[in-house]
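The chains referred to below are lettered A, B, ... by the order of the sequence lines, with proteins before strands, and numbering in each begins at 1.
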There are 2 protein chains.
Amino acid sequence: MPRRPQPGARDRILDAAGALFYARGVRAVGMSEVVEAAGCGKNLVYSHFPTKVDLVAAYLERFSARRERATERAVAEETRPAAQVVALVAEVARRVSAPGFRGCALRNHLTEFPNADDAASRVARGYLRDSRARLAALVDGLGVADPAGVTERIWLVLDGFYAGATRSADAAVGRTAVRLVEEIIERATPDLPPTGWSGQS
Amino acid sequence: MPRRPQPGARDRILDAAGALFYARGVRAVGMSEVVEAAGCGKNLVYSHFPTKVDLVAAYLERFSARRERATERAVAEETRPAAQVVALVAEVARRVSAPGFRGCALRNHLTEFPNADDAASRVARGYLRDSRARLAALVDGLGVADPAGVTERIWLVLDGFYAGATRSADAAVGRTAVRLVEEIIERATPDLPPTGWSGQS
DNA sequence: GTCTATAATGGGATAGAC
DNA sequence: GTCTATCCCATTATAGAC
């Protein structure tokens, strides 16, 4: 009598593998360890993910999707474009100060495999590309004179803040990043009234 | 008749190993590859560096020392504290836009081995600590009201810029980073005359 | 006594077979 | 699930060359 395939198996494997990969790095975690942590047989893992690269790519894809959902939700809570950009940065700041934070899994992967061109690395590079494109789209809504320049300045702070934060940081650093982006926006839109996001203009 | 010990052996090994480690990551490069690239026998490598960790630590130490020398030289070319801080950022910007740039070896190492506590990781963490301390010392010379806060803002841009730049970037990004730091300094010292570092105030 | 070349050791990796 | 094939890893041991 054959067993019915458990519906949540793929997710449980991905949960276990993702936690290990994120905490210790992809290369440091062997497939045997993933199998053990998933609490299932080896064949099940390999039937869902034929190679380790496939498993890593799925892990990064899920990470990427969750990040996109979280930022989109944060942005959707604001209506004015300037507040949306700030909300985006604030969301990253919250994440960085959360316990268990170990950096951005996608950036970490590109550092761990600088020359790879497999499915996993393509996911990571695609995320960074899309992430910057979404910021550019938000900045376009600001109606500033030089949207490309303002995007580059904000991206420098946001991407740098995210890339430089490799473990859980205290919230003050995040507030500093938010404040820096606020000032970039204020400088680019000097004719706007004071916004009151975080204090005096 | 015994051979004379070759004086430059250690440096040649470190050159070869460093180039490989920097370009492809530490874990991706095996000792056999280091031996082959160094063009010497295996025992010679192990006589100079008893373990791979020792070799990596020496590689990071040399990287760190060179970075410190380069930044100190750049800072020494200026006399006014504000110009010194800007020179520090500009030096990093130059490096990031140089061909063959693959990120900061010390930050890369901490990403590759997030949980390690060996000699190599201590070198990397020590470099980051000292690097920030040197910035703080420079900012102290600015005489601003809140040196700790200004240090944190500049460090966020500088460290983030360096950490986020994982390959050779065009010089425009570096100029943006320099400009951001200039603005941070200008905001913190509003009573100073225009500086003319890179344009109108 | 210093170096090179090569073999051997012991462990752990991915992956496939059954 | 266990067992196995194949490979690569860091490291050590051995034996020969200058």
For this session: Using whole Å, report how far CG of A/Asp54 lies from P of C/dA15.
Result: 9 Å

Problem set entry | Sugar-phosphate only, base, or nothing, as touched by A/Val29 at under 4.0 Å among non-hydrogen atoms | sugar-phosphate

Exercise. Could you give the CD1-to-P distance, from B/Ile13 to C/dT2, as a whole number of Å?
Worked result: 15 Å

Exercise. Between C/dT14 atom C1' and A/Arg27 atom CZ, what is the distance in whole Å?
Worked result: 13 Å

Seminar exercise, completed: Taking Watson-Crick and G-U wobble contacts under 3.5 angstrom, with | marking pairs to another strand and [ ] crossing pairs, the secondary structure of DNA chain D is written |||||||||||||||||.

Exercise. Should the pair B/Glu33-B/Arg24 be classified as a salt bridge under the 4.0 Å nitrogen-to-oxygen rule?
Worked result: yes

For this session: Let me know the distance between CE of B/Met31 and P of C/dG11, rounded to the nearest Å.
Result: 20 Å

Exercise. Between the base of C/dA15 and the side chain of A/Lys42, is there a donor-acceptor distance below 3.5 Å?
Worked result: yes

For this session: Inspect the contact between B/Arg62 and B/Asp15 and indicate whether a charged nitrogen and a carboxylate oxygen are less than 4.0 angstrom apart.
Result: yes

Problem set entry | Pair A/Glu112 + A/Arg27: basic N to acidic O under 4.0 Å | no

For this session: Measure from CD on A/Glu36 to C1' on C/dG12 and round the result to the nearest Å.
Result: 14 Å

Problem set entry | Separation of D/dA10 P from B/Leu20 CG (nearest whole Å) | 12 Å

Problem set entry | N/O donor-acceptor pair under 3.5 Å between A/Thr151 side chain and A/Pro147 backbone | yes

For this session: Determine, for B/Asp117 against B/Arg125, whether the closest basic-nitrogen to carboxylate-oxygen distance falls under 4.0 angstrom.
Result: yes

Exercise. In whole Å, what is the span from the CG atom of B/Leu55 to the C1' atom of D/dT11?
Worked result: 14 Å

Exercise. Do you see a donor-acceptor pair shorter than 3.5 Å between the side chains of B/Thr111 and B/Asn108?
Worked result: no

For this session: Would you indicate what A/Thr51 reaches in the nucleic acid, counting non-hydrogen atoms under 4.0 angstrom: base, sugar-phosphate, or nothing?
Result: sugar-phosphate

Problem set entry | Smallest separation among heavy atoms of A/Leu110 and A/Ser121, with atom names | CD2-O, 4.1 Å

Exercise. In whole Å, what is the span from the CG atom of B/Asn43 to the P atom of C/dT4?
Worked result: 9 Å

